[in-house]
Amino acid sequence: MRGGGNMNNMMKQMQKMQKKMMQAQEELHEMTFEATAGGGAVKVVANGKKEITDVVIQEEVVDPDDVEMLQDLIISATNEVLKQVDEKSNQTMGQFTKGLPGGMF
């Protein structure tokens, strides 16, 4: 039963890695991300869970005759903030999957 010790070590390493992954994910979820559009006319804030937590619209960009422009700015800022969350998530969680065979996770 020489292999049993290696298996126990591997299991301990996997549990350690899982704990670190959960901690990293928790930290990511608590982060705040923000993006602006239209030179700061619209700001969208999100957390690491991809939940929009705030939208700030400068008064001067609200034009009843050009609602479409405001909608475009909101969409642009929202897409940008969600992209930031994705990039940070991939960067944070990717460190745990580097070098693992494709079928591991």
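Hydrogens, waters and symmetry mates are skipped; everything else that's a heavy atom, side chains included, is used. Because the structure is predicted, anything quoted here is derived from the model rather than measured.
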Atom [atom1] of [X] and atom [atom2] of [Y]: how far apart are they, to the nearest 0.5 Å?
| X | Y | atom1 | atom2 | result |
| --- | --- | --- | --- | --- |
| Met11 | Lys16 | CE | NZ | 14.5 Å |
| Gln15 | Lys20 | CD | NZ | 13.5 Å |
| Met14 | Met21 | CE | CE | 9.0 Å |

Distance-only donor-acceptor hits, side chain of residues 67-95, under 3.5 Å, sequence neighbours excluded:
residue: Thr78; atom: OG1; partner: Ile74; partner atom: O; Å: 2.7
residue: Asn79; atom: ND2; partner: Ile75; partner atom: O; Å: 3.4
residue: Gln84; atom: NE2; partner: Glu34; partner atom: O; Å: 3.2
residue: Asp86; atom: OD1; partner: Lys50; partner atom: NZ; Å: 2.7
residue: Asn90; atom: ND2; partner: Asp86; partner atom: O; Å: 3.4
residue: Thr92; atom: OG1; partner: Lys88; partner atom: O; Å: 2.8
residue: Gln95; atom: NE2; partner: Thr92; partner atom: O; Å: 2.9

Measure the shortest side-chain to side-chain distance between [X] and [Y] over non-hydrogen atoms and say whether it is less than 4.5 angstrom.
| X | Y | answer |
| --- | --- | --- |
| Asp63 | Val61 | no |
| Ile52 | Val44 | yes |
| Val62 | Ile57 | yes |

Worksheet item: What residues, two or more places apart in sequence or in another chain, satisfy side-chain contact (heavy atoms from CB on, under 4.5 Å) together with Glu60?
Response: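 In terms of side-chain contact (heavy atoms from CB on, under 4.5 Å), with neighbours along the sequence ignored, Glu60 is linked to Gln58.
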
For residues 25-33, tabulate all N or O donor-acceptor pairs below 3.5 Å that involve a side-chain atom, not counting sequence neighbours.
none

